[in-house]
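Just follow the structure's listing: the first ligand is 1, and inside any ligand the first atom is 1. The shown structure was predicted, so the numbers you read here are calculated from the model rather than taken from an experiment.
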Amino acid sequence: MLKKNLITTLCLAAGLTGVTAQTGSASTLSGQTLQSCTAVTPETCSLAHKLGRGINMGNMLEAPREGDWGLRLDAPSIDRVAGAFKTVRVPVRWSNHASASADATLDEVFATRMDQVIDALLAKGVYVILDMHHNSQLFGDRLLPNEFGVDPAVMETRVVNMWRQIALRYKDRSPKLLFELLNEPHGRMDGEPWNVLAARTLAAVRTSNPARTVLIGPSYWNNVRDLPKLRLPPDRNLIVSIHNYDPFEFTHQGVTYLPKPFPTGTTCCNAKQQQTMTYSLDAAVKWSQANGYPLHLGEFGANQSADMASRETYTRFMRDEAERRSIGWTYWDFAASYGVYSPKTGNWVEPIRRALLD
Ligand code: BGC
(Lines give C-alpha, C1' and ligand atoms only; values in the text may rest on other atoms or scores of the structure.)
Protein backbone atom coordinates (compact mmCIF):
# COMPACT_ATOMS: atom_id res chain seq x y z
CA MET A 1 0.00 0.00 0.00
CA LEU A 2 1.53 3.27 -1.12
CA LYS A 3 0.07 5.38 1.59
CA LYS A 4 -0.65 8.98 2.08
CA ASN A 5 1.78 11.73 2.52
CA LEU A 6 4.46 11.29 -0.04
CA ILE A 7 2.70 14.32 -1.47
CA THR A 8 4.31 16.70 0.97
CA THR A 9 7.71 15.57 -0.13
CA LEU A 10 6.63 16.06 -3.73
CA CYS A 11 5.32 19.55 -3.08
CA LEU A 12 8.38 20.60 -1.20
CA ALA A 13 10.56 19.19 -3.95
CA ALA A 14 8.58 21.14 -6.54
CA GLY A 15 9.14 24.36 -4.62
CA LEU A 16 5.51 24.60 -3.53
CA THR A 17 6.41 25.31 0.05
CA GLY A 18 3.11 27.03 -0.25
CA VAL A 19 0.80 28.06 2.46
CA THR A 20 3.27 28.26 5.27
CA ALA A 21 5.75 30.18 3.20
CA GLN A 22 3.14 32.52 1.73
CA THR A 23 1.27 33.33 4.90
CA GLY A 24 4.20 33.45 7.23
CA SER A 25 5.42 30.86 9.68
CA ALA A 26 3.00 28.92 11.85
CA SER A 27 3.78 31.25 14.72
CA THR A 28 2.24 34.16 12.84
CA LEU A 29 -1.08 32.41 12.27
CA SER A 30 -3.88 34.85 12.90
CA GLY A 31 -7.63 34.58 13.30
CA GLN A 32 -8.03 34.87 9.53
CA THR A 33 -6.32 31.58 8.97
CA LEU A 34 -8.90 29.61 10.98
CA GLN A 35 -11.38 27.31 9.33
CA SER A 36 -14.66 28.60 7.99
CA CYS A 37 -18.24 27.40 8.61
CA THR A 38 -20.21 29.32 6.01
CA ALA A 39 -21.44 26.16 4.23
CA VAL A 40 -22.83 24.48 7.35
CA THR A 41 -25.42 25.06 10.06
CA PRO A 42 -24.42 26.78 13.32
CA GLU A 43 -25.05 23.42 15.08
CA THR A 44 -22.59 21.52 12.89
CA CYS A 45 -20.05 24.33 13.13
CA SER A 46 -20.29 24.27 16.89
CA LEU A 47 -20.08 20.47 16.97
CA ALA A 48 -16.89 20.52 14.88
CA HIS A 49 -15.33 22.80 17.45
CA LYS A 50 -16.57 20.78 20.41
CA LEU A 51 -15.01 17.50 19.24
CA GLY A 52 -11.73 18.63 20.76
CA ARG A 53 -9.28 15.90 21.75
CA GLY A 54 -10.12 12.37 20.72
CA ILE A 55 -8.90 8.86 20.12
CA ASN A 56 -9.26 6.10 17.52
CA MET A 57 -10.20 2.63 18.78
CA GLY A 58 -7.86 1.05 16.22
CA ASN A 59 -7.39 -2.67 15.49
CA MET A 60 -10.63 -3.64 17.21
CA LEU A 61 -13.81 -3.57 15.17
CA GLU A 62 -12.09 -2.91 11.84
CA ALA A 63 -10.24 -6.23 12.01
CA PRO A 64 -11.97 -8.81 9.80
CA ARG A 65 -13.56 -10.11 13.02
CA GLU A 66 -13.32 -8.37 16.41
CA GLY A 67 -10.38 -9.94 18.25
CA ASP A 68 -8.52 -11.06 15.10
CA TRP A 69 -5.90 -8.37 15.71
CA GLY A 70 -5.62 -9.01 19.45
CA LEU A 71 -7.84 -6.21 20.77
CA ARG A 72 -11.48 -5.92 21.75
CA LEU A 73 -13.50 -2.81 22.45
CA ASP A 74 -14.26 -3.90 25.99
CA ALA A 75 -15.76 -2.07 28.98
CA PRO A 76 -12.40 -1.18 30.63
CA SER A 77 -11.21 0.39 27.34
CA ILE A 78 -14.41 2.42 27.14
CA ASP A 79 -13.93 3.63 30.73
CA ARG A 80 -10.32 4.59 30.04
CA VAL A 81 -10.89 6.55 26.85
CA ALA A 82 -14.08 8.20 28.04
CA GLY A 83 -12.27 9.41 31.15
CA ALA A 84 -9.51 11.00 29.09
CA PHE A 85 -10.90 12.14 25.71
CA LYS A 86 -13.93 14.10 24.50
CA THR A 87 -14.36 12.14 21.27
CA VAL A 88 -14.00 8.49 20.37
CA ARG A 89 -13.72 7.41 16.72
CA VAL A 90 -14.83 3.83 16.16
CA PRO A 91 -13.45 2.25 12.96
CA VAL A 92 -15.65 -0.64 11.81
CA ARG A 93 -15.23 -3.14 8.94
CA TRP A 94 -18.97 -3.19 8.20
CA SER A 95 -18.38 -4.79 4.78
CA ASN A 96 -17.39 -8.04 6.50
CA HIS A 97 -20.53 -8.12 8.63
CA ALA A 98 -23.21 -7.85 5.98
CA SER A 99 -24.52 -10.20 3.32
CA ALA A 100 -22.45 -10.38 0.12
CA SER A 101 -25.46 -9.43 -1.99
CA ALA A 102 -26.35 -5.91 -3.12
CA ASP A 103 -28.77 -5.40 -0.23
CA ALA A 104 -25.88 -6.02 2.23
CA THR A 105 -28.19 -7.06 5.04
CA LEU A 106 -26.33 -6.41 8.29
CA ASP A 107 -25.45 -9.39 10.43
CA GLU A 108 -27.78 -8.95 13.41
CA VAL A 109 -25.35 -10.41 15.95
CA PHE A 110 -22.66 -7.96 14.89
CA ALA A 111 -25.11 -5.06 14.70
CA THR A 112 -26.27 -5.82 18.25
CA ARG A 113 -22.63 -5.77 19.34
CA MET A 114 -22.30 -2.36 17.70
CA ASP A 115 -25.42 -1.14 19.54
CA GLN A 116 -23.72 -2.05 22.83
CA VAL A 117 -20.50 -0.24 21.93
CA ILE A 118 -22.23 2.90 20.72
CA ASP A 119 -24.64 3.07 23.63
CA ALA A 120 -21.91 2.43 26.19
CA LEU A 121 -19.82 5.26 24.74
CA LEU A 122 -22.75 7.67 24.44
CA ALA A 123 -23.72 6.87 28.04
CA LYS A 124 -20.28 8.17 29.06
CA GLY A 125 -21.04 11.51 27.43
CA VAL A 126 -18.38 11.40 24.72
CA TYR A 127 -18.85 12.29 21.07
CA VAL A 128 -18.76 9.14 18.94
CA ILE A 129 -17.60 9.09 15.33
CA LEU A 130 -18.91 5.89 13.77
CA ASP A 131 -16.75 5.11 10.76
CA MET A 132 -16.83 2.65 7.86
CA HIS A 133 -13.25 1.36 7.66
CA HIS A 134 -11.24 -0.99 5.41
CA ASN A 135 -13.77 -1.76 2.72
CA SER A 136 -10.78 -3.43 1.02
CA GLN A 137 -12.35 -4.66 -2.20
CA LEU A 138 -13.94 -1.31 -2.94
CA PHE A 139 -10.49 0.22 -3.14
CA GLY A 140 -8.93 -2.66 -5.06
CA ASP A 141 -6.92 -3.79 -2.00
CA ARG A 142 -6.24 -7.44 -1.32
CA LEU A 143 -8.59 -9.31 0.99
CA LEU A 144 -7.25 -10.39 4.39
CA PRO A 145 -7.67 -13.77 6.07
CA ASN A 146 -11.28 -14.05 7.34
CA GLU A 147 -12.45 -11.41 4.89
CA PHE A 148 -14.85 -12.37 2.11
CA GLY A 149 -15.09 -11.00 -1.41
CA VAL A 150 -18.26 -9.92 -3.19
CA ASP A 151 -19.36 -9.58 -6.81
CA PRO A 152 -17.58 -6.38 -7.98
CA ALA A 153 -20.87 -5.27 -9.56
CA VAL A 154 -22.46 -4.79 -6.12
CA MET A 155 -19.57 -3.27 -4.15
CA GLU A 156 -20.74 0.31 -4.30
CA THR A 157 -24.43 -0.41 -3.85
CA ARG A 158 -23.52 -2.39 -0.74
CA VAL A 159 -21.91 0.72 0.79
CA VAL A 160 -25.10 2.70 0.18
CA ASN A 161 -27.28 -0.07 1.60
CA MET A 162 -25.10 -0.66 4.63
CA TRP A 163 -25.31 3.00 5.50
CA ARG A 164 -29.08 3.02 4.89
CA GLN A 165 -29.41 0.34 7.58
CA ILE A 166 -26.84 1.80 9.99
CA ALA A 167 -28.44 5.23 9.77
CA LEU A 168 -31.92 3.86 10.33
CA ARG A 169 -30.73 1.83 13.28
CA TYR A 170 -29.21 4.85 15.04
CA LYS A 171 -31.57 7.58 13.88
CA ASP A 172 -32.85 8.25 17.41
CA ARG A 173 -29.46 8.36 19.11
CA SER A 174 -28.11 11.63 20.48
CA PRO A 175 -26.60 14.21 18.09
CA LYS A 176 -23.31 13.33 19.80
CA LEU A 177 -23.22 10.35 17.44
CA LEU A 178 -21.63 11.35 14.13
CA PHE A 179 -21.34 9.20 11.01
CA GLU A 180 -18.19 9.05 8.88
CA LEU A 181 -19.04 7.59 5.48
CA LEU A 182 -15.73 5.98 4.53
CA ASN A 183 -12.23 5.93 5.95
CA GLU A 184 -9.44 6.84 3.53
CA PRO A 185 -11.02 6.27 0.10
CA HIS A 186 -8.18 5.48 -2.31
CA GLY A 187 -7.25 3.32 -5.30
CA ARG A 188 -10.43 2.72 -7.36
CA MET A 189 -12.19 5.35 -5.25
CA ASP A 190 -9.76 8.20 -5.92
CA GLY A 191 -11.35 11.40 -7.24
CA GLU A 192 -14.71 11.33 -9.03
CA PRO A 193 -15.81 7.75 -8.15
CA TRP A 194 -15.70 8.77 -4.49
CA ASN A 195 -17.65 11.98 -5.12
CA VAL A 196 -20.39 9.96 -6.81
CA LEU A 197 -20.51 7.27 -4.12
CA ALA A 198 -20.38 9.78 -1.27
CA ALA A 199 -23.41 11.60 -2.70
CA ARG A 200 -25.38 8.35 -3.10
CA THR A 201 -24.45 7.22 0.40
CA LEU A 202 -25.27 10.53 2.04
CA ALA A 203 -28.67 10.54 0.32
CA ALA A 204 -29.35 7.12 1.87
CA VAL A 205 -28.33 8.41 5.31
CA ARG A 206 -30.52 11.49 4.93
CA THR A 207 -33.69 9.44 4.41
CA SER A 208 -33.64 8.67 8.15
CA ASN A 209 -31.24 11.28 9.61
CA PRO A 210 -32.07 14.61 7.99
CA ALA A 211 -29.76 16.67 10.20
CA ARG A 212 -27.18 14.40 11.81
CA THR A 213 -23.62 15.62 11.32
CA VAL A 214 -21.73 13.47 8.83
CA LEU A 215 -17.99 13.45 8.12
CA ILE A 216 -16.69 13.06 4.59
CA GLY A 217 -13.02 13.22 3.66
CA PRO A 218 -11.11 13.57 0.41
CA SER A 219 -9.75 10.60 -1.53
CA TYR A 220 -6.07 9.57 -1.57
CA TRP A 221 -6.38 8.30 2.02
CA ASN A 222 -8.10 11.50 3.23
CA ASN A 223 -5.03 13.41 2.19
CA VAL A 224 -5.28 17.17 1.94
CA ARG A 225 -3.78 16.82 -1.56
CA ASP A 226 -7.17 15.66 -2.83
CA LEU A 227 -9.31 18.34 -1.17
CA PRO A 228 -9.55 20.25 -4.46
CA LYS A 229 -11.09 17.12 -6.05
CA LEU A 230 -13.71 16.71 -3.34
CA ARG A 231 -17.18 17.65 -4.60
CA LEU A 232 -19.56 17.60 -1.67
CA PRO A 233 -23.30 17.08 -2.08
CA PRO A 234 -25.42 20.10 -1.12
CA ASP A 235 -25.88 19.52 2.61
CA ARG A 236 -25.45 21.83 5.58
CA ASN A 237 -24.45 19.25 8.16
CA LEU A 238 -21.03 18.11 6.99
CA ILE A 239 -17.56 18.18 8.52
CA VAL A 240 -14.57 17.44 6.31
CA SER A 241 -12.17 14.87 7.67
CA ILE A 242 -8.45 14.91 6.89
CA HIS A 243 -5.59 12.63 7.93
CA ASN A 244 -2.00 13.74 8.38
CA TYR A 245 0.87 11.31 8.88
CA ASP A 246 3.66 13.67 7.88
CA PRO A 247 6.60 13.19 8.00
CA PHE A 248 5.57 9.79 6.63
CA GLU A 249 9.02 8.17 6.73
CA PHE A 250 9.09 9.04 10.44
CA THR A 251 5.54 8.05 11.45
CA HIS A 252 5.55 4.87 9.38
CA GLN A 253 9.11 3.68 9.97
CA GLY A 254 9.35 -0.05 10.48
CA VAL A 255 5.77 -0.58 9.25
CA THR A 256 5.84 -3.85 7.32
CA TYR A 257 2.54 -3.51 5.41
CA LEU A 258 4.02 -0.82 3.13
CA PRO A 259 5.30 -2.11 -0.24
CA LYS A 260 8.67 -0.55 0.50
CA PRO A 261 9.03 -0.30 4.28
CA PHE A 262 10.92 2.69 5.70
CA PRO A 263 13.98 1.90 7.81
CA THR A 264 13.84 2.66 11.51
CA GLY A 265 16.06 5.31 13.10
CA THR A 266 14.42 8.48 11.71
CA THR A 267 13.92 11.03 14.49
CA CYS A 268 11.54 13.99 14.68
CA CYS A 269 11.01 16.98 14.44
CA ASN A 270 13.52 19.37 12.85
CA ALA A 271 12.43 22.57 11.10
CA LYS A 272 11.95 20.87 7.73
CA GLN A 273 9.89 18.09 9.28
CA GLN A 274 7.80 20.64 11.15
CA GLN A 275 7.17 22.39 7.88
CA THR A 276 5.86 19.20 6.28
CA MET A 277 3.50 18.79 9.21
CA THR A 278 2.04 22.29 9.10
CA TYR A 279 1.94 22.44 5.30
CA SER A 280 -1.08 20.12 5.08
CA LEU A 281 -2.87 21.77 7.99
CA ASP A 282 -2.45 25.19 6.41
CA ALA A 283 -3.58 23.91 3.01
CA ALA A 284 -6.67 22.39 4.66
CA VAL A 285 -7.49 25.63 6.46
CA LYS A 286 -7.14 27.54 3.18
CA TRP A 287 -9.51 25.07 1.55
CA SER A 288 -11.95 25.48 4.42
CA GLN A 289 -11.85 29.25 4.07
CA ALA A 290 -12.61 28.99 0.37
CA ASN A 291 -15.32 26.33 0.71
CA GLY A 292 -16.94 26.98 4.09
CA TYR A 293 -16.72 23.50 5.70
CA PRO A 294 -15.20 22.93 9.14
CA LEU A 295 -12.42 20.35 9.45
CA HIS A 296 -11.57 17.38 11.63
CA LEU A 297 -8.15 15.72 11.86
CA GLY A 298 -9.33 12.11 12.02
CA GLU A 299 -5.91 10.44 12.21
CA PHE A 300 -2.31 11.26 13.01
CA GLY A 301 0.22 9.27 15.01
CA ALA A 302 3.71 7.78 15.05
CA ASN A 303 4.37 4.04 15.05
CA GLN A 304 6.00 2.42 18.07
CA SER A 305 9.09 1.58 15.97
CA ALA A 306 10.11 5.25 16.26
CA ASP A 307 12.08 6.34 19.32
CA MET A 308 9.91 7.49 22.20
CA ALA A 309 11.40 10.98 22.60
CA SER A 310 10.67 11.71 18.93
CA ARG A 311 7.19 10.26 19.17
CA GLU A 312 6.44 12.53 22.09
CA THR A 313 7.79 15.60 20.30
CA TYR A 314 5.88 14.72 17.13
CA THR A 315 2.63 14.09 18.97
CA ARG A 316 2.74 17.31 20.97
CA PHE A 317 3.67 19.36 17.93
CA MET A 318 0.84 17.99 15.78
CA ARG A 319 -1.66 18.40 18.62
CA ASP A 320 -0.61 21.99 19.19
CA GLU A 321 -0.64 22.89 15.51
CA ALA A 322 -4.11 21.38 15.00
CA GLU A 323 -5.43 23.18 18.04
CA ARG A 324 -3.87 26.50 16.99
CA ARG A 325 -6.04 26.20 13.89
CA SER A 326 -9.05 25.16 16.05
CA ILE A 327 -9.16 21.72 14.42
CA GLY A 328 -10.49 18.88 16.59
CA TRP A 329 -8.55 15.63 16.32
CA THR A 330 -8.62 11.89 17.04
CA TYR A 331 -5.19 10.35 17.58
CA TRP A 332 -4.36 7.00 15.89
CA ASP A 333 -4.55 4.92 18.07
CA PHE A 334 -5.58 3.80 21.55
CA ALA A 335 -3.89 0.44 22.17
CA ALA A 336 -2.34 -0.91 18.95
CA SER A 337 1.01 -0.17 17.32
CA TYR A 338 0.71 3.65 17.56
CA GLY A 339 -0.92 3.37 20.95
CA VAL A 340 -1.29 5.81 23.81
CA TYR A 341 -2.16 2.87 26.06
CA SER A 342 -0.25 -0.40 26.51
CA PRO A 343 -2.37 -3.53 27.00
CA LYS A 344 0.86 -5.29 27.94
CA THR A 345 1.59 -3.12 30.99
CA GLY A 346 -2.02 -2.11 31.64
CA ASN A 347 -0.93 1.55 31.73
CA TRP A 348 -0.97 4.64 29.58
CA VAL A 349 2.14 5.13 27.45
CA GLU A 350 2.95 8.18 29.52
CA PRO A 351 5.01 10.24 27.02
CA ILE A 352 2.27 9.93 24.40
CA ARG A 353 -0.52 10.49 26.90
CA ARG A 354 1.03 13.71 28.18
CA ALA A 355 1.83 14.92 24.67
CA LEU A 356 -1.83 14.51 23.77
CA LEU A 357 -3.52 15.61 26.95
CA ASP A 358 -1.30 17.73 29.22
C1 BGC B 1 -5.34 2.24 9.23
C2 BGC B 1 -4.39 1.50 10.10
C3 BGC B 1 -3.01 2.12 10.03
C4 BGC B 1 -3.08 3.59 10.28
C5 BGC B 1 -1.74 4.23 10.10
C6 BGC B 1 -5.33 3.68 9.56
O7 BGC B 1 -6.24 4.35 8.74
O8 BGC B 1 -6.62 1.74 9.42
O9 BGC B 1 -4.34 0.16 9.73
O10 BGC B 1 -2.16 1.54 10.99
O11 BGC B 1 -4.01 4.19 9.40
O12 BGC B 1 -1.26 3.97 8.82
Just which atoms of ligand 1 are under 4.0 Å from any heavy atom in [X]?
X      : value
Asn183 : 7 (O)
Tyr338 : 5 (C), 10 (O), 12 (O)
Glu184 : 7 (O)
His133 : 1 (C), 7 (O), 8 (O)

Does any N or O atom in [X] lie less than 3.5 angstrom from one in ligand 1, N or O only?
X      : result
Asn59  : no
Tyr257 : yes
His243 : no

Point to revise | ligand 1-proximal atoms of Glu299, by part, heavy-atom distance under 4.0 Å | key: side chain
Review point. Has His252 got any heavy atom lying under 4.0 angstrom from an atom of ligand 1?
Key: yes
Check your understanding: Does His134 come within less than 4.0 Å of ligand 1, judged by its heavy atoms?
Key -> yes
Check your understanding: Is the closest basic N to carboxylate O distance between Arg353 and Asp358 below 4.0 Å?
Key -> yes
**Study point:** Glu108/Arg113 under salt bridge (Lys or Arg N to Asp or Glu O under 4.0 Å): CA gap, chis, key distance, verdict
**Key:** CA-CA 8 Å; Glu108 191 52 32; Arg113 166 74 183 124; over 6 Å; no
Point to revise | Contacts of type ring-ring contact (aromatic ring centres under 6.0 Å, His included), residue Phe300, not counting sequence neighbours | key: Trp329, Tyr331
Check your understanding: Partners of Phe85 by ring-ring contact (aromatic ring centres under 6.0 Å, His included), sequence neighbours excluded?
Key -> none
Practice item. Check the pair Tyr245, Trp221 against ring-ring contact (aromatic ring centres under 6.0 Å, His included), reporting the backbone distance first and the verdict last. Key: CA-CA 10 Å; Tyr245 282 103; Trp221 291 279; over 10 Å; no
Review point. Between Arg89 (side chain) and Asn56 (backbone), is there a donor-acceptor pair under 3.5 Å?
Key: no
Review point. Which of parallel (below 30°), tilted (30 to 60°) and perpendicular (above 60°) describes Phe248 and Phe262?
Key: perpendicular
